[in-house]
Amino acid sequence: MDEKTKNLIAIWEEFVRKNNKFILNPDRKWVEKVAIGVLENERRYGLKYCPCRLTSGKKQIDLELICPCNFFIQNTWKEKGECWCGLFHKN
């Protein structure tokens, strides 16, 4: 795993430590896979967009897709207890 990926995962781990409502997916391979996708989107589009959501090309709309997104409002959070891409799970 490269340094950029490690650093992004460390940021997510800190994000989770500051909130007891959710945890990071316990599957480290999945977390790494999502991190790689987020970093690829940053390389392509200039922002850390969620890798499982398609950008529209309209920056104002796409800002809602920056990871971590507002997953509390998503149906997947309400129904399955995880964010859209499964990176965060209810605690």
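Here, residue 1 is the first one in the sequence, and each next residue gets the next number.
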Chemist: Judged by atom type as modelled, is there a donor-acceptor pair below 3.5 Å linking the side chain of Gln74 to the main-chain atoms of Trp84?
Modeler: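 Yes.
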Chemist: More than 12 heavy atoms of other residues, nucleotides or ligands under 6.0 Å from NZ of Lys78: yes or no?
Modeler: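 It does: Lys78 NZ has more than 12 such atoms within range.
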Chemist: Give every donor-acceptor pair under 3.5 Å between a side-chain atom in residues 44-55 and any protein atom, sequence neighbours left out.
Modeler:
unit_1: Arg44; atom_1: NE; unit_2: Glu40; atom_2: OE2; d: 3.1
unit_1: Lys48; atom_1: NZ; unit_2: Glu42; atom_2: OE2; d: 2.9

Chemist: Quick check: do Trp12 and Val16 have side-chain heavy atoms less than 4.5 Å from each other?
Modeler: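 A side-chain contact is absent here, since even the closest heavy-atom pair is not under 4.5 Å.
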Chemist: Using a 4.5 Å cut-off on heavy atoms from C-beta on, say whether the side chain of Lys80 contacts that of Asn75.
Modeler: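 Contact flag for Asn75/Lys80 side chains = no.
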Chemist: Check this for me, if you would: do Glu32 and Lys29 make a salt bridge, where the nitrogen-to-carboxylate-oxygen distance has to be below 4.0 angstrom?
Modeler: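 No, no charged N to carboxylate O under 4.0 Å.
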Chemist: Any chain of hydrophobic side-chain contacts (each under 4.5 Å) joining Val31 to Leu39?
Modeler: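 Yes: a chain of side-chain contacts under 4.5 Å links Val31 to Leu39.
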Chemist: So does Gln60 have more than 12 non-hydrogen atoms from other groups sitting under 6.0 Å from CD?
Modeler: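 Atom CD in Gln60 is not packed in, count stays at 12 or less.
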Chemist: Hydrophobic clustering (ILVMFWY, side-chain heavy atoms < 4.5 Å, transitive) - are Phe15 and Ile9 grouped together?
Modeler: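 Result: yes, single cluster for both.
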Chemist: Taking all non-hydrogen atoms of both residues into account, name the closest pair between Cys67 and Leu87 and its distance.
Modeler: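 Nearest heavy atoms, Cys67 then Leu87: SG-CD2, 3.9 Å.
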Chemist: Just so I know, are the side chains of Cys69 and Glu64 near enough to count as touching, which here means a heavy-atom distance under 4.5 Å?
Modeler: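 No, too far: nothing below the 4.5 Å cut-off.
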Chemist: Near Lys4 NZ, under 6.0 Å, is it more than 12 heavy atoms from other residues, nucleotides or ligands?
Modeler: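 Atom NZ in Lys4 is not crowded, with 12 or fewer foreign heavy atoms closer than 6.0 Å.
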Chemist: Can you get from Met1 to Leu24 by hopping between Ile, Leu, Val, Met, Phe, Trp and Tyr side chains that sit under 4.5 Å apart?
Modeler: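 Both belong to a single hydrophobic cluster.
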Chemist: Restricting to pairs with a member in residues 56-76, which pass ring pair (Phe, Tyr, Trp, His ring centres under 6.0 Å), not counting sequence neighbours?
Modeler: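 Of all non-adjacent pairs touching residues 56-76, those that pass ring pair (Phe, Tyr, Trp, His ring centres under 6.0 Å) are Phe22-Phe71, Phe22-Phe72, Phe71-Trp77, Phe71-Phe88, Phe72-Trp77.
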Chemist: Do Leu65 and Asp62 have side chains that get closer than 4.5 Å, going by heavy atoms?
Modeler: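 When only atoms from C-beta onward are counted, Asp62 and Leu65 do touch, with a gap below 4.5 Å.
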Chemist: Let me check something: do Val38 and Ile11 share a hydrophobic cluster, defined by ILVMFWY side-chain heavy atoms less than 4.5 Å apart, either directly or through other members?
Modeler: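 No; tracing contacts between hydrophobic side chains, which count when under 4.5 Å, never links both residues.
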Chemist: Do the non-hydrogen side-chain atoms of Asn91 and Lys21 ever get within less than 4.5 Å of each other?
Modeler: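 Not in contact.
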Chemist: Any chance you could lay out the salt bridge (charged side-chain N to carboxylate O under 4.0 Å, His left out) test for Arg28 and Glu13, step after step, and finish with the verdict?
Modeler: CA-CA 12 Å; Arg28 291 297 285 184; Glu13 289 170 338; 2.7 Å; yes
Chemist: To the nearest 0.5 Å, how far apart are CG in Asn25 and SG in Cys83?
Modeler: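 Output value for this atom pair is 8.5 Å.
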